[in-house]
Amino acid sequence: MVLMAMHRADPAAFAEAIQRGRDWVVGMQTANGGWASFEVDNTELWLKQVPFSDQGFLIDPPTADVTGRCLCMLGQSGELPETSEVSRRGLAFVLKEQEPDGKWWGQWGVNYTHGTWFGLSALNSMGVSHEDPRVKRAVEWLVSVQNGDGGWGEDPISYERECYVGAPSGPTQTAWALLGLMAGGAVHHPAVGRGVEWLLRTQCDHGVWEDDSSNECCAARLPFLIFHGYHQYFPLWALARYRNLKRDGVTRVAPGI
């Protein structure tokens, strides 16, 4: 995220820092093409079975949402699969992790809504066409789980049940879904308009949103977290992107998140 901010602000002025950061990220790529949060190739699943395995969180396997972030950074700087082996392997990992109905599991945010946002952002940043069946499946899945009021919500129990479990609409989940849909080229889809209307309708008089639902996790059996910044800046991010895309008359989100 820091590298993308530097690149958008002034790529020439920050060229050395961007290159050093990029090289570090590339060095963290695992053997299967994905990225984890803290370590490289810490994927020995048998370690989760030992009694002192910290609720199964003793390993740090690569995930689609972390890999998606890394691919967004590479795509923003022009490293596409056609010319970059690093990007090609990363994209292959994300595509392999996509589930048959189009969604992605997310490690660092609850859950499939978060993962699908980053899956679609990765594909967009890697130049995958919005007409690609894998993009269309992901867009259709997000639309299919939209609540009747226009927002999105997901219950953390989806980790335990290993399937999507809906919940009342919240600003964080709604923003993630909107950002994913827009990355998938669906800015003009009625579901996006309804989601934007939900955010505008639920914005508080003081300018931000309120949300007391869990939105962040580390592992499925560890306590879930509420990151209080999430329901303030993600909705603003989604609304700003929607405004910009509609204003500029484009459907292709620039590479990056």
Side-chain angles (χ1 to χ4, degrees), residues 1-8 11 18-19 21-43 59-109 111-143 176-187 241 245 250-257:
M1 294 298 292
V2 172
L3 296 179
M4 283 188 280
M6 288 181 169
H7 185 270
R8 288 184 179 178
I18 292 171
Q19 185 63 45
R22 178 265 178 202
D23 291 346
W24 183 87
V25 170
V26 169
M28 292 291 289
Q29 189 174 30
T30 62
N32 64 6
W35 276 268
S37 296
F38 308 108
E39 301 182 59
V40 180
D41 294 323
N42 182 0
T43 57
I59 63 173
D60 184 34
T63 63
D65 46 356
V66 178
T67 302
R69 287 180 173 92
C70 296
L71 289 177
C72 286
M73 180 273 292
L74 293 169
Q76 184 175 311
S77 60
E79 295 192 48
L80 299 178
E82 293 80 5
T83 57
S84 168
E85 177 68 10
V86 172
S87 295
R88 187 194 65 77
R89 294 175 58 231
L91 177 59
F93 174 86
V94 170
L95 292 174
K96 179 175 67 68
E97 291 295 303
Q98 188 178 27
E99 300 191 5
D101 60 0
K103 67 181 183 296
W104 280 270
W105 182 85
Q107 170 73 58
W108 297 104
N111 168 356
Y112 294 101
T113 316
H114 183 263
T116 304
W117 166 31
F118 279 108
L120 282 167
S121 294
L123 268 58
N124 179 72
S125 293
M126 291 291 99
V128 178
S129 170
H130 291 156
E131 299 303 312
D132 188 285
R134 295 162 295 191
V135 174
K136 285 190 169 184
R137 283 202 307 272
V139 167
E140 290 167 1
W141 180 83
L142 280 172
V143 171
W176 289 346
L178 288 172
L179 289 165
L181 287 169
M182 287 185 280
V187 63
R241 174 152 297 168
L245 291 174
V250 299
T251 58
R252 187 88 197 182
V253 177
I257 295 176

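As the structure is a computational prediction, the values presented were derived from the model and not from experiment.
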Next on the checklist: Working to the nearest 0.5 angstrom, can you tell me the gap between S77 OG and M6 CE?
Outcome noted: 14.0 Å
Checklist entry - Atom CG of D60 and atom CG of D41: how far apart are they, to the nearest 0.5 Å? => result 10.5 Å
Next on the checklist: Check R137 with E140, please: is the shortest side-chain N to carboxylate O separation under 4.0 Å?
Outcome noted: no
Backbone N or O of [Y] within a donor-acceptor pair of the [X] side chain at under 3.5 Å?
X    : Y    : value
D65  : W108 : yes
Q29  : V86  : yes
D101 : W141 : no

Checklist entry - Of all residues at least two apart in sequence or in a different chain, which pass the salt bridge (charged side-chain N to carboxylate O under 4.0 Å, His left out) check with E82? => result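 Result, salt bridge (charged side-chain N to carboxylate O under 4.0 Å, His left out) vs E82: none returned.
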Item to check | With sequence neighbours excluded, residues passing side chain to side chain donor-acceptor pair (under 3.5 Å) with S87 | outcome: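 With sequence neighbours excluded, S87 shows a side chain to side chain donor-acceptor pair (under 3.5 Å) to S84, given in chain and number order.
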Which donor-acceptor pairs under 3.5 Å do side chains of residues 90-98 form with protein atoms, sequence neighbours excluded?
from : atom 1 : to   : atom 2 : distance (Å)
Q98  : NE2    : G102 : O      : 3.0
Q98  : NE2    : R134 : O      : 2.9

Checklist entry - Can you list every salt bridge (Lys or Arg N to Asp or Glu O under 4.0 Å) pair that touches residues 72-81, not counting sequence neighbours? => result R22-E79
Item to check | salt bridge (Lys or Arg N to Asp or Glu O under 4.0 Å) partners of residues 25-38, not counting sequence neighbours, each pair once | outcome: none
Next on the checklist: According to ring pair (Phe, Tyr, Trp, His ring centres under 6.0 Å), who are the partners of W35, at least two apart in sequence or on a separate chain?
Outcome noted: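 Not a single residue meets the ring pair (Phe, Tyr, Trp, His ring centres under 6.0 Å) criterion with W35.
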